[in-house]
Amino acid sequence: KRITLGVPDIFRLNAVYESQSASVDATPPKLTIASGFSANPGDKIIGSSSKAVGRIIKFSGTTVHFYYLSSNKFTTSDTITNQNNTNSSTNSRAVSAVEELSKDLTGNYLLDDGQRDSYYGLGSIIRKEGKPKPQNNILIIFDYFTHSSGNFFTVNSYSGLDFDEIPKYIPNVVDPSGFEPDGEFEL
């Protein structure tokens, strides 16, 4: 039921994919686009007609590997636009092929970010009750924080994130005779 991700302080579970058979690796969705597109991992792409939204994992030549941020799916009717690139000569290209060979199992899992009251443990994903066990290879795509030396974290420790994206700490052990049984401590 639990799969350890091997690093502490997981920020976000982006996707879990299962391959079609045990003899091949799971892969994220892939677009083939016209040449001349400019993109980087982490950039957001939007489809012109499908209104699908995705985040780029890897980009090389005319191939874009990504995961979906929306329930809409890209189609060959789309021209994708890179929302992080303002250069109009390189930020959009027509889609000539969409490939989704692996099954998306993301909704079958919960994220344990690894944060505990007194330490950062390894993050993991936990299969939801009643969801089937994957039978083939899986690929897990997630974001996590890395830390340098220091004793505490402030809002400035999370550069590159909007304020509302900064994770909120929720104690995992609450003293029933303490402040509030809801686990939130008023200051």
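The shown structure was predicted, so the numbers you read here are calculated from the model rather than taken from an experiment.
Although no hydrogens or angles enter the test, the distance criterion places a donor-acceptor pair under 3.5 Å between the side chain of E18 and the main chain of N136. With hydrogens and angles disregarded, a donor-acceptor distance shorter than 3.5 Å links the side chain of N72 to the backbone of S50. Although no hydrogens or angles enter the test, the distance criterion places no donor-acceptor pair under 3.5 Å between the side chain of R127 and the main chain of N108. With hydrogens and angles ignored, the 3.5 Å screen pairs no side-chain donor or acceptor of T81 with any backbone N or O of S92. Remark: the backbone N or O of N87 is paired with a side-chain donor or acceptor of N85 at under 3.5 angstrom. When atom types are taken as modelled, the side chain of T32 and the backbone of S96 share no donor-acceptor pair closer than 3.5 angstrom.
Under the ring pair (Phe, Tyr, Trp, His ring centres under 6.0 Å) criterion, Y17 pairs with no residue, sequence neighbours left out. Applying the side chain to side chain contact (heavy atoms under 4.5 Å, CB included) test to N137 and every residue at least two apart in sequence or in another chain returns S19, D25. In this structure D112 satisfies the salt bridge (Lys or Arg N to Asp or Glu O under 4.0 Å) test together with R2, R116, sequence neighbours excluded. Residues that satisfy the side chain to side chain contact (heavy atoms under 4.5 Å, CB included) test with T86, not counting sequence neighbours, are absent from this structure.
In this structure, CG in L31 is found 9.5 Å from OG1 in T63, a value given to the nearest 0.5 Å.
No donor-acceptor contact under 3.5 angstrom links the side chains of N82 and S38, judged on distance only.
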Donor-acceptor contacts under 3.5 Å from residues 51-59 side chains, at least two apart:
from	atom 1	to	atom 2	distance (Å)
K51	NZ	S48	O	2.8
R55	NH1	G42	O	2.7

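Other members of the hydrophobic cluster containing L13, listed by chain and number, are I3, L5, V7, I10, V16, L105, Y109, L111, I125, I138, I140, F142, Y144; membership follows side-chain contacts under 4.5 Å among ILVMFWY residues, whether direct or relayed.
Y68 has its side chain out of reach of T106: every pair of non-hydrogen atoms, C-beta onward, lies at least 4.5 Å apart.
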